[in-house]
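Step one of this worksheet: look at the structure below.
If you're wondering where the values come from, they're calculated on a predicted model, not measured in any experiment. Reminder, nothing fancy here: chain letters follow the sequence lines and each chain counts from 1.
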Number of protein chains: 2
Amino acid sequence: MRFETSTIKDIAKALGLSTSTVSRALRDRYEISEETKKLVLAYAGKVNYRANPIARSLKERRSYSIGIIVSEIANNFFSQVINGIESIAYAKDYHVIISQSHESFAQEKLNVEHLASRSIDGLLIALSSETQDLHYLRDLYSKGLPIVFFDRVPQDFETHKVIANNFKGAFDATEHLILSGKRTIAHLTNSENLSITRERLKGYQAALNKYHIGFNPDLVKYCQHGGMHSEELEQAVKELLPLKPDGIFISSDRLTTGCIMALKKTNPEVANTIAIAGFTNSNLVELFSPSLTSVKQPAFEMGQVATELLISMIEAKRPVTEFETKILDTELVKMIKPKL
Amino acid sequence: MRFETSTIKDIAKALGLSTSTVSRALRDRYEISEETKKLVLAYAGKVNYRANPIARSLKERRSYSIGIIVSEIANNFFSQVINGIESIAYAKDYHVIISQSHESFAQEKLNVEHLASRSIDGLLIALSSETQDLHYLRDLYSKGLPIVFFDRVPQDFETHKVIANNFKGAFDATEHLILSGKRTIAHLTNSENLSITRERLKGYQAALNKYHIGFNPDLVKYCQHGGMHSEELEQAVKELLPLKPDGIFISSDRLTTGCIMALKKTNPEVANTIAIAGFTNSNLVELFSPSLTSVKQPAFEMGQVATELLISMIEAKRPVTEFETKILDTELVKMIKPKL
DNA sequence: TACGTTTTTGGGAACGTTTGCACACTTTTT
DNA sequence: AAAAAGTGTGCAAACGTTCCCAAAAACGTA
């Protein structure tokens, strides 16, 4: 801000002390006498002194802020993760800066680099569905920027990661469909290069396998843009329907809502006849028609865990070499038969 | 970041120039010869020089970033506004910092003051439903921090404001209910101290008036916490139902979805018999059951307009004294009869 | 009294920029 | 030919901190 606030210099001048003394008093360093500390603190309180974080950042070469990259804050899963992140970050006196990739690799890279140049102390990122090239992240990481991945994590990147138990979530959802009597279960999913896509596909297959239902690759449809474009969803639905699925397992938030939307729009007559189970953290799911069984991820907790890991890396005295991948359990919320 | 990047000093040393020359060359100032500029730019490109925004901020006493306060990013209306804000801000080389008040005054104040101390150049804010005391904002404003209000704006604060045409939106929604044959129309709304609450109430009353329907204050229920707590919604619904409304006009996003949820939960048998019209920017509204007529605000545009106004204030050479209140039209999306 | 110790304070450089001013060198004007 | 004007560059201070190092004050001890 361009308007003037009082600085350490002002306080020093007013009190006839040196800036070093004031600085130390304010930070409650042991070298300063109790008396002086009280004096400084009292005066600082009176003039409503606030340390200038910019100056501090410049001097300390860190910013006490952490960057977040998600595809979209409008996605309930991500906004819940962000709330979890904030809950920990604020408690530990970090600030957060949120950026959206909108599922675009170019945008993601731009945002990350922008954040990095703004001196963030660490990065929390869920990769965009387009992202395959991790060079730019490796670069920053090797230069010393702590990074923790969550939700969409790369395979071969040695750092902390936090994910949901995607295999089990997918397995449970698919099994639920099977136990409801469905036998031709389609799978609508994200871009193949996302970790969540692979893991959820495996869960889906495992469930089919358990009940001796053959796996039909034609029943699996990938959406490269994660449902950002409604055409890709409508196209997928269009290709799926001729195969007469009686159930669909959908592997992400945006796709789940998008798919129901596409179904209702293009084939309203069948929308209610197909059982749907999908990953979603929407808090509006109870309002949906047709209703669906949802796999909820522990989003808030995921944000918390990821942030704790990140801050531990940031504050580590020596480079961290042991990394964990935390896996959090999902919750299956079974469909309640619609009351008409 | 603590890892080293090249600085102006490094470039100067490598090229045998002074830091001032390099600085000027990088910013393409007229005083520098073409030759030197080329030299510097080429070298800067080679070592992948990025200006340190922290140092720049300190020197220039501004940060090229603008603060945003909304109640919740999980609310679709606000996330759309944020997208609008970003679209303009990024184009004009500003960065945005998003904070959530969660409808709490204390949180809002804390966040604003935190942002201010981080040297934001301006503030975009939608007040929390608890906020009545604007002293802290006036303080910052009078010290020179440009502020633009959007959506929830204070009455007596002389600055730019951007709002939806709340009166007309409310009028249209209520009229729609009336034209559908409803006569006992309840109104569920936010805290009384919000501007949107007052304006929408007036629109509701005007519509009743036009069709000679008496205004019954008992049919109006206020939710002090904007629907953040499900109890307050269930309580409101409980008090409303004995009055046998055949329609409800709901005045905000969170309340609209919350109310339908409460209705379905507490009185599923009547949920489908009451016509609902409400403000909401949810992009999932087509999936809702019971379906509803929605008033959509031009959220993206609102963000854009607010940001343009803010940046014009930030970049004004002399203090701005003429302020505008921009009013954007809402859109009524009529309910489509549910296909069962 | 003089000397070491310990405690408390101050001076000043540094972080990476931007910018007012002065300087040197060319070119133009008179 | 000298003076004026224009062009390109560098010096050094400043933004508000933190922190190394030294200096001063206070206290013990011989």
**Request:** Report the end-to-end axis angle of the helix from C:dT1-D:dA30 to C:dT30-D:dA1; each axis comes from five terminal pairs, and the value is rounded to 10°.
**Result:** 70°
**Request:** Name the residue closer to the 5' end of DNA chain D, choosing between B:Lys37 and B:Leu58 according to the nucleotide with the nearest heavy atom.
**Result:** B:Lys37
**Asked** Do A:Glu324 and A:Lys326 sit within salt-bridge range, that is, some charged N less than 4.0 Å from a carboxylate O?
**Response**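 Between A:Lys326 and A:Glu324 there is a salt bridge, with a charged N closer than 4.0 Å to a carboxylate O.
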**Prompt:** Any ion pair linking A:Arg152 and A:Glu103 (charged N to carboxylate O, less than 4.0 Å)?
**Reply:**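 So A:Glu103 pairs with A:Arg152 through a salt bridge.
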Heavy-atom donor-acceptor pair, [X] side chain to [Y] backbone, under 3.5 Å:
| X | Y | result |
| --- | --- | --- |
| B:Asp10 | B:Thr7 | yes |
| A:Thr307 | A:Gly303 | yes |
| B:Asp121 | B:Ser63 | yes |

**Complete:** Smallest heavy-atom separation, A:Lys37 atom then A:Ile32 atom, equals CE-O, 3.5 Å
**Request:** Give a yes or no on this: more than 12 heavy atoms of other residues, nucleotides or ligands lie within 6.0 Å of atom CD of A:Glu158.
**Result:** no
**Request:** Using atom CD of B:Glu34 as one end and atom C1' of D:dT7 as the other, report the distance to the nearest whole Å.
**Result:**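 Nearest whole value for this atom pair: 13 Å.
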**Message:** Once you apply a heavy-atom cut-off of 4.0 Å, does A:Ile54 come out as touching a base, just sugar-phosphate, or nothing?
**Reply:**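 Touches nothing.
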**Request:** Mind checking A:Thr36 for me? I need base, sugar-phosphate or nothing, with any heavy atom below 4.0 Å counting as a touch.
**Result:** sugar-phosphate
**Request:** Taking heavy atoms of chain A and a 4.0 Å limit, find me the 5'-most and 3'-most nucleotide of DNA chain C within that range.
**Result:** C:dT8 to C:dG16
**Asked** Using a cut-off of 4.0 Å between protein heavy atoms and nucleotide atoms, how would you tag nucleotides 17-28 of chain D 5' to 3' with B, S and -?
**Response** BBBB--------
**Message:** Checking B:Ser128 against B:Gln107: is there a side-chain donor and acceptor pair closer than 3.5 Å?
**Reply:** no
**Item:** A:Gln100-B:Asn83 side chain donor-acceptor pair, cut-off 3.5 Å
**Value:**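 A:Gln100 vs B:Asn83: donor-acceptor pair found between side chains.
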**Item:** Value rounded to 0.5 Å, distance of CG in B:Leu140 from NE2 in B:His135
**Value:**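 Result: 13.0 Å between the selected atoms.
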